[in-house]
Protein chains: 2
Amino acid sequence: MKEKKEFRDDLKLCGLKNTKRRAAILEILEKSDQPLAAEQVFSELQNKGMPINLSTVYRTLEILAEKNLAIKLNITGENRTLFEYNEQVHRHHLICLECKKILTIKNCPLNGYEKSLAKETNYSIAGHKLDVYGYCPECNQKGKGQ
Amino acid sequence: MKEKKEFRDDLKLCGLKNTKRRAAILEILEKSDQPLAAEQVFSELQNKGMPINLSTVYRTLEILAEKNLAIKLNITGENRTLFEYNEQVHRHHLICLECKKILTIKNCPLNGYEKSLAKETNYSIAGHKLDVYGYCPECNQKGKGQ
DNA sequence: ATACTTATTGCAAATAATTTGCATTTGCAT
DNA sequence: ATGCAAATGCAAATTATTTGCAATAAGTAT
């Protein structure tokens, strides 16, 4: 968990003005264990009693992603764009096909692969995105998985 | 490239009626080297002089994906859902961040990883999705990459 | 071939997600 | 404090996708 002032600094460092809405959105993303859609961020703000417009949320999330403070995510089966806090650490997702819960995987099985792919395809590789799909233990127990 | 009759058979085997629109959509997906959005499939049909309604395209793509004749794709940066023909072979994508071209990668660097992840997380793993992002040789030359 | 049943399609309208223009407000450097 | 650019609110526009229902076409049995 980060301190509030850290969010301010993060914004400043990116050349963004520090506004209460932006800092609040960044904090919501950081505190969430799940990537969130604009609408979800919006209602969390409402719950906290912070008046904000949905367009502002969209615009803010977009700019946070642009500045690399957040990561934009499009997962199969979700028709909305999700955003997560950028921990600045390479990570992947394990998504439950039943309950849609997203688990973060911190170690990456692809070290070295990018280099060999670059050689093979002549592309310059910028990064990759790996999502694994399956059924979480809870949903498995309910007999819906498999 | 598949024969037209093969598309008919594929549909029948899935318990779907063989209609000219469905077979045409399946053929368009199969012929395309890129995953396509509903809108794109729609205009290809128009160009071919086949009258069709956009809702039909959406419905058809959805049902094709459900029957595993097509694969549904949500890639970062594309706000529309894309569909590609299901070659029934495991594959990944290499996406150019500049021109958005999608290259299919047929060998998978993740053999074995799913098993170890299953053990580690207690999930049952159904599959995974790996997208690699980078710049294609052409865009690199234009000096926009890197 | 004809008739029948049901899935498929068209159409128009609804919904959901996201974006935009513009007037107002706020952050921040001076 | 003052001023300017960036950020926000608001309403309206776009874009993507879905849905209800009537018309049509596919597959099956006759």
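Chain letters run A, B, ... following the sequence lines, proteins first and then strands; every chain starts at 1.
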Got a list of protein N/O to nucleotides 13-17 of chain D N/O distances below 3.5 Å?
| residue | atom | partner | partner atom | Å |
| --- | --- | --- | --- | --- |
| D/dT17 | OP1 | B/Thr81 | N | 2.9 |
| D/dT17 | OP1 | B/Thr81 | OG1 | 3.2 |
| D/dT17 | OP2 | B/Tyr58 | OH | 2.9 |

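Consecutive pairing runs in DNA chain C reach the stem threshold at C:1-30 with D:1-30, where a stem means at least three Watson-Crick or G-U wobble pairs with distances under 3.5 Å.
Cluster partners of A/Val57, by chain and number: A/Phe7, A/Leu11, A/Leu16, A/Ile25, A/Leu26, A/Ile28, A/Leu29, A/Leu36, A/Val41, A/Phe42, A/Leu45, A/Met50, A/Ile52, A/Leu54, A/Tyr58, A/Leu61, A/Ile63, A/Leu64, A/Leu69, A/Phe83, A/Tyr85. The rule joins Ile, Leu, Val, Met, Phe, Trp and Tyr whenever side-chain heavy atoms lie under 4.5 Å apart.
Residues of residues 18-27 of chain B having a heavy atom closer than 4.0 Å to DNA chain C, listed by number: B/Thr19, B/Arg21, B/Arg22.
Distance CG (A/Asn53) to C1' (D/dG9): 5 Å, rounded to an integer number of Å.
Applying the salt bridge (Lys or Arg N to Asp or Glu O under 4.0 Å) rule to B/Lys2 yields the partners B/Asp10; only residues at least two apart in sequence or on another chain are considered. Considering only residues two or more places apart in sequence or on other chains, B/His93 meets the ring-ring contact (aromatic ring centres under 6.0 Å, His included) condition with none of them. Residues forming a salt bridge (Lys or Arg N to Asp or Glu O under 4.0 Å) with A/Glu44 (at least two apart in sequence, or on another chain): none. Partners of A/Asn53 according to the side-chain hydrogen bond (donor to acceptor under 3.5 Å, both in side chains) rule, which considers only residues two or more places apart in sequence or in another chain, are A/Ser55. Take A/Glu3 and apply the side chain to side chain contact (heavy atoms under 4.5 Å, CB included) test, not counting sequence neighbours, and it matches A/Lys5, A/Glu6.
Mapping A/Ser55 and B/Lys12 onto DNA chain D by nearest heavy atom places A/Ser55 closer to the 5' end of the strand.
Listed by first then second residue, pairs satisfying salt bridge (charged side-chain N to carboxylate O under 4.0 Å, His left out) with a partner in residues 13-22 of chain B number zero, not counting sequence neighbours.
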Taking only distance into account, with no hydrogens and no angle test, what donor-acceptor pairs under 3.5 Å do side-chain atoms of residues 100-116 of chain B form with protein atoms, sequence neighbours excluded?
| residue | atom | partner | partner atom | Å |
| --- | --- | --- | --- | --- |
| B/Lys101 | NZ | B/Glu138 | OE1 | 3.0 |
| B/Glu114 | OE2 | B/His128 | ND1 | 2.4 |
| B/Ser116 | OG | B/Tyr113 | O | 2.9 |

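Read 5' to 3', the first and last nucleotides of DNA chain C with an atom closer than 4.0 Å to a heavy atom of chain B are C/dT6 to C/dA12.
Here the shortest heavy-atom pairing between B/Cys139 and B/Cys96 reads SG-SG, 3.8 Å.
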